[in-house]
Amino acid sequence: MNIHEYQAKEILKRYGLPIHKFVVVDDKKDIAQKVTELGVTKAVVKVQVHAGGRGKAGGVKVAMSRDEIEKHTADLLGMKLVTKQTGAAGITCHQVMIADLADIEKEYYFGIIIDRDGACPLIMSSQEGGMDIEEVAESAPEKILKTPLTPDGKISDKQVKEITAFMGWEGKTADQGAVMVKEMVKAFMEIDGSILEINPLIKDPDGNLFLLDAKISVDDNALYRQPIIAKMYDPTQELPAEVRAHELDLAYVAMEGNIGCMVNGAGLAMATMDIIGEKGGSPANFLDVGGSATKEKVVESFKIILSDPKVKGILVNIFGGIMKCDIIAEGVVAAVKEVKLKVPLVVRLEGTNVEQGKKILKESGLKLIAANDLGDAAEKMVAQVEGK
């Protein structure tokens, strides 16, 4: 789950990390009061949306007077921001952060991610702050220091010294940096982070370090033990279908294709999308109904998939373990009848109660296409969508 920059900063402040003072505005009538509360006449004004590239898209403004602060804030509230990450649809800004303007001598990059290959948290440090780290990695990989941690997120004093040296920090800056690195790691682990990114991390002319920007993503599967962060979920930053899926505890991500997918299990869902691609099709979504879906949840899953106007067919791929095939079959029959399905439907069932499931589908009288295996299901679905 993504959270806003100001929310990330509120979390990191609890770890004693250096952050300039800021306020957040969500109503134009409160702008003047909030600026007075902040007590500054120079500020940076930033849209709060779940997308990178805000500056390039016009969502970050520098104000050199109180009047400019108020004007920029009013202009950005309600702005529809379009970046590479949002796509053409964009995201509407409902909150604006006003922060004290920093005096910057040097910008750095600092981030922590989960390295799937190494099965551990990984720190990435660079003196090339303010740039997309992907661009730096591609054009000058030697400018990024990668520091793997232990699987439980421990960092050694030697690793901390290597990072501060690589960043070129000396004296009190190095001392501050060492403390900062340790607290960042601690924060990342304690909040069940999947991404913690500071870009830029800055040094001022006095050699003090500050977190000028902050991005945090938290593992959805750990939100049950992060109740404070779970409450930071912002439905305005997602498509209506994704919001509905969140309410139903479904894993759903909209994509650009035209074949809707309903699968149980994240791994099987990924495999299904891959095979659709291999057969010449394009998935419209990732949707994992999980191992304990009810008939009602299956019906709602169909509605979510069909809310995407690009969908020209639906592929249901279920391997029954905890999730029984007969329950899925009942849900499919109920969903098709309720939504009055008008696009082709291919169903592949395997596993627990598979024969009962196939019988339910066969006796339903519905117009659907049964598949023997995943490859067969993908071929049949692509053929239906492509009219072959």
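Treat the numbers as computed from the prediction; the structure is a model and nothing was measured. Along the sequence shown, residues carry numbers from 1.
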From [atom1] ([X]) to [atom2] ([Y]), nearest 0.5 Å:
| X | Y | atom1 | atom2 | answer |
| --- | --- | --- | --- | --- |
| Q356 | E330 | CD | CD | 10.5 Å |
| K182 | I155 | NZ | CD1 | 8.5 Å |
| M232 | L223 | CE | CG | 11.0 Å |
| E278 | E379 | CD | CD | 11.0 Å |
| D219 | M1 | CG | CE | 11.0 Å |
| L122 | I112 | CG | CD1 | 9.5 Å |

For a side-chain contact (heavy atoms from CB on, under 4.5 Å) check, start with the C-alpha distance between K362 and K358, then their side-chain angles and the critical distance, and finish with the verdict. CA-CA 6 Å; K362 185 176 180 180; K358 289 180 177 180; over 6 Å; no
Checking the side chain of [X] only, and the main-chain atoms of [Y] only, is there a donor and an acceptor separated by less than 3.5 Å?
| X | Y | result |
| --- | --- | --- |
| N264 | F319 | yes |
| K106 | Q127 | yes |
| Q159 | P148 | yes |
| N285 | M255 | no |
| K310 | G260 | no |
| Q176 | L209 | yes |
| K297 | L248 | yes |
| D288 | G265 | yes |

Could [X] and [Y] be called an ion pair, given the rule that one side-chain N must be under 4.0 Å from one carboxylate O?
| X | Y | answer |
| --- | --- | --- |
| K13 | E10 | no |
| K61 | E68 | no |
| K71 | D67 | no |
| R66 | E70 | yes |
| R244 | E247 | yes |
| D326 | K324 | no |
| D115 | K146 | no |
| K34 | D26 | no |

Side chains of [X] and [Y] in contact at under 4.5 Å (non-hydrogen atoms):
| X | Y | value |
| --- | --- | --- |
| D75 | M79 | no |
| V333 | L366 | yes |
| I133 | N199 | no |
| F110 | V181 | yes |
| Q237 | N2 | no |
| K172 | N208 | yes |
| M124 | Y109 | yes |
| M184 | I198 | yes |

Give me the atom names and distance for the closest heavy-atom approach of [X] to [Y].
| X | Y | result |
| --- | --- | --- |
| A43 | I98 | CB-CG2, 3.7 Å |
| C325 | E350 | SG-O, 3.3 Å |
| A51 | R54 | O-CG, 3.4 Å |
| A102 | H20 | CB-CE1, 3.5 Å |
| H246 | Y233 | CD2-CE2, 3.4 Å |
| L12 | A214 | CD1-CB, 4.0 Å |

Using the rule that Ile, Leu, Val, Met, Phe, Trp and Tyr join whenever any side-chain heavy atoms are under 4.5 Å apart, tell me whether [X] and [Y] fall into a single cluster.
| X | Y | answer |
| --- | --- | --- |
| L368 | V311 | yes |
| I314 | F286 | no |
| V96 | F22 | no |
| V299 | I327 | no |
| V49 | V44 | no |

Validation: residues 186-195 side-chain donor-acceptor distances under 3.5 Å, sequence neighbours left out:
{"unit_1": "E190", "atom_1": "OE1", "unit_2": "Y15", "atom_2": "OH", "d": "2.7"}
{"unit_1": "D192", "atom_1": "OD1", "unit_2": "R225", "atom_2": "NE", "d": "3.4"}
{"unit_1": "D192", "atom_1": "OD1", "unit_2": "R225", "atom_2": "NH2", "d": "2.8"}
{"unit_1": "D192", "atom_1": "OD2", "unit_2": "R225", "atom_2": "NE", "d": "3.0"}
{"unit_1": "D192", "atom_1": "OD2", "unit_2": "Q226", "atom_2": "NE2", "d": "2.8"}
{"unit_1": "S194", "atom_1": "OG", "unit_2": "S217", "atom_2": "O", "d": "3.2"}

Q48 side chain to Y6 side chain, donor-acceptor N/O pair below 3.5 angstrom: no
So, Y252 and E238: side-chain donor and acceptor under 3.5 Å apart, yes or no? no
Partners meeting side chain to side chain donor-acceptor pair (under 3.5 Å) with T272 (sequence neighbours left out): N317
Counting neighbours of [atom1] on [X] that are heavy atoms of other residues, nucleotides or ligands and sit closer than 6.0 Å, is the number greater than 12?
| X | atom1 | result |
| --- | --- | --- |
| K21 | NZ | yes |
| K143 | NZ | no |
| E170 | CD | no |
| K303 | NZ | yes |

Give me the ring orientation class for Y108 and W169: parallel if the planes are under 30° apart, tilted from 30 to 60°, perpendicular past 60°.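 The rings of Y108 and W169 stand perpendicular, inter-plane angle above 60°.
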Show your working on side-chain contact (heavy atoms from CB on, under 4.5 Å) between L239 and D308 and close with a plain yes or no. CA-CA 10 Å; L239 297 170; D308 182 350; over 6 Å; no
Yes or no on side-chain contact (heavy atoms from CB on, under 4.5 Å) for L306 and L341, after CA distance, side-chain angles and deciding distance? CA-CA 9 Å; L306 290 170; L341 188 67; 3.7 Å; yes
Among I259, V346, L315, which residue satisfies the side chain to side chain contact (heavy atoms under 4.5 Å, CB included) criterion with V382?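 When side chain to side chain contact (heavy atoms under 4.5 Å, CB included) is applied between V382 and each of I259, V346, L315, only I259 qualifies.
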Walk me through whether L149 and C120 qualify under side-chain contact (heavy atoms from CB on, under 4.5 Å). CA-CA 6 Å; L149 308 180; C120 67; 5.6 Å; no
Applying side-chain hydrogen bond (donor to acceptor under 3.5 Å, both in side chains) between E5 and each of Q95, H50, K46, K215, report the one that passes. K46
